[in-house]
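The first residue of the sequence shown is numbered 1, and numbering continues consecutively from there.
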Amino acid sequence: MTESITVTGMILSAQPIGEYDRRLVLLTKERGKISAFAKGARRPTAALLGCSQPFVFGQFTLYEGRSSYTLQSAEVENYFAKLREDLETVYYGVYFCEFAEAVTREGLPAKEELKVLYRSLGALLKRSIGVELVRAVFELKMLSVCGVSPQVFECVKCRRKEELVWFSTKSGGCICKECADKLWREAENERQGVQKSGRSPGVDLEEKFQAISGSTLYTMQYILSTPIESLYTFTVSEEVLLQLKKVLKEFLSIHIGRRFKSLEMLELLG
């Protein structure tokens, strides 16, 4: 007989299956991202009805199958019910869950990823800082704990820590002034050579840089180096927020490359 296991986690998504079942995706501390079926959970009187919804956090008892799990019971610690009271907040919450589902992996413990998600949903409810800054902090911190964050502590070309005044989305991090000048000269010389000879370029002519201010750079460094428990207590200027959002948007478009439905809905609301 198959033995049950108990994991700590949060439901990221719930999809109807058949007439009465649900397919759940959970982010768990012990086993990372897993799929589980909640049989009969859509029946009005089902014991699993309330605990098989997105945002539910707690301990889940599961039977393990060959390729998925079956949910048996749950001890819920937080439903995040208030997220559903505001349309904008619920879409941000759905986005955070969609994002977590996209960047986490199956079979690997996800203690830090789960902590970032939980704290970020809580920050949406507290409203101590604006939701756009909460989103930026969440994106950058989740990328960090998943090992795919941008390099903002040194130049990605020469590892110099001074004069980090540019950000290269393609290279995945900051470029110092000296390296940027060198790359521009190389690209311009190569472009002229290509025009004269018609040969294929030998260097990247399409790498584009964004200017990044010292304040924005410091903000990104602070987010990456500070424990999630101590974040969501600061504010930034509108200029820094706009630049931070732009850098993250471009970075995610290349290094994550996924369009989220919840963001489309947020854009419609905006």
Side-chain angles (χ1 to χ4, degrees), residues 83 86-104 113 116-156 164-176 180 206-228 230-270:
L83 280 176
D86 177 79
L87 196 57
E88 181 186 48
T89 305
V90 74
Y91 279 127
Y92 270 109
V94 172
Y95 169 62
F96 287 6
C97 288
E98 285 186 327
F99 191 93
E101 186 173 347
V103 299
T104 54
E113 292 89 334
V116 170
L117 178 59
Y118 187 91
R119 294 278 181 173
S120 300
L121 292 177
L124 287 176
L125 293 176
K126 290 180 180 179
R127 294 279 184 162
S128 55
I129 63 175
V131 291
E132 291 187 334
L133 182 54
V134 172
R135 171 185 165 181
V137 172
F138 166 77
E139 290 173 341
L140 189 52
K141 199 65 178 177
M142 185 62 84
L143 289 173
S144 174
V145 298
C146 291
V148 289
S149 64
Q151 173 58 265
V152 295
F153 293 95
E154 61 185 28
C155 176
V156 295
L164 303 178
V165 294
W166 299 99
F167 187 89
S168 168
T169 303
K170 190 169 185 178
S171 295
C174 289
I175 303 284
C176 71
E206 300 302 323
E207 185 166 10
K208 298 179 180 178
F209 304 142
Q210 295 184 48
I212 186 167
S213 70
S215 296
T216 302
L217 182 64
Y218 173 79
T219 299
M220 296 180 75
Q221 292 173 342
Y222 177 77
I223 293 169
L224 290 173
S225 59
T226 302
I228 188 64
S230 301
L231 290 173
Y232 300 123
T233 58
F234 70 97
T235 58
V236 297
S237 67
E238 186 65 25
E239 180 181 358
V240 168
L241 180 59
L242 288 173
Q243 195 171 75
L244 181 60
K245 287 166 56 180
K246 183 179 179 181
V247 167
L248 284 170
K249 182 178 180 180
E250 292 297 322
F251 184 86
L252 292 173
S253 69
I254 291 181
H255 297 277
I256 302 299
R258 174 174 168 178
R259 183 64 181 170
F260 298 96
K261 294 181 180 180
S262 49
L263 285 185
E264 295 176 1
M265 297 306 299
L266 282 168
E267 289 174 359
L268 290 175
L269 289 175

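Atom CD1 of residue Ile212 and atom CG of residue Leu164 lie 8.5 Å apart, to the nearest 0.5 angstrom. The structure places CZ of Phe251 at 12.0 Å from CD of Gln210, a figure rounded to the nearest 0.5 Å. To the nearest 0.5 angstrom, Arg119 atom CZ is 8.5 Å from Ser230 atom OG. Residue Phe99 holds its CZ atom at 5.0 Å from CD1 of Ile256, rounded to the nearest 0.5 Å. The structure places CG of Leu241 at 13.0 Å from OG of Ser215, a figure rounded to the nearest 0.5 Å. Interatomic distance, CZ of Arg127 versus CG of Asp86, reported as 5.5 Å (0.5 Å rounding).
At least one donor-acceptor pair under 3.5 Å links the side chain of Gln221 to the backbone N or O of Val152. Under the 3.5 Å distance criterion, the side-chain polar atoms of Ser144 are left unmatched by any main-chain donor or acceptor of Leu140. At distances below 3.5 Å, not a single donor-acceptor pair connects side-chain atoms of Glu139 with backbone N or O atoms of Leu248. Between the side chain of His255 and the backbone N or O of Ser149 there is no donor-acceptor pair closer than 3.5 Å. Without hydrogens or angle criteria, Lys141 side chain to Ile223 main chain gives a donor-acceptor distance under 3.5 Å. In this structure a side-chain-to-backbone donor-acceptor pair under 3.5 Å is missing from Lys170 to Ile254.
Residues Glu98 and Ser262 bring a donor and an acceptor atom of their side chains to less than 3.5 Å of each other. Residues Gln243 and Ser213 bring a donor and an acceptor atom of their side chains to less than 3.5 Å of each other.
In this structure the side chain of Thr219 reaches within 4.5 angstrom of the side chain of Leu244, judged on heavy atoms. Side-chain atoms of Leu121 and Leu83, non-hydrogen and from C-beta on, do get closer than 4.5 Å to each other. Looking only at side-chain heavy atoms (C-beta outward), Arg135 and Leu263 come within less than 4.5 Å of each other.
Residues Gly172 and Phe167 come closest through the heavy atom pair C-CZ, 4.4 Å. Minimum heavy-atom separation, Phe234 to Ile129: O-CG2, 3.2 Å. Here the shortest heavy-atom pairing between Ser168 and Ser171 reads OG-N, 3.1 Å. Nearest heavy-atom pair, Thr104 versus Cys146, reported as atom, atom and distance to 0.1 Å: CG2-SG, 4.2 Å. Here the shortest heavy-atom pairing between Cys155 and Cys176 reads SG-N, 3.4 Å.
Using cut-offs of 30° and 60° for the angle between ring planes, the Phe96 and Phe138 rings count as parallel.
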For Ile175 and Phe209, what are the C-alpha separation, side-chain angles and deciding distance, and is it a side-chain contact (heavy atoms from CB on, under 4.5 Å)? CA-CA 8 Å; Ile175 303 284; Phe209 304 142; 4.1 Å; yes
For the pair Lys126 and Tyr232, evaluate side-chain contact (heavy atoms from CB on, under 4.5 Å) and give the outcome as yes or no after the intermediate values. CA-CA 10 Å; Lys126 290 180 180 179; Tyr232 300 123; over 6 Å; no
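No more than 12 heavy atoms of other residues, nucleotides or ligands sit less than 6.0 Å from atom OH of Tyr91.
The existence of a salt bridge linking Glu264 and Arg259 is confirmed by a sub-4.0 Å separation between a basic side-chain nitrogen and an acidic carboxylate oxygen.
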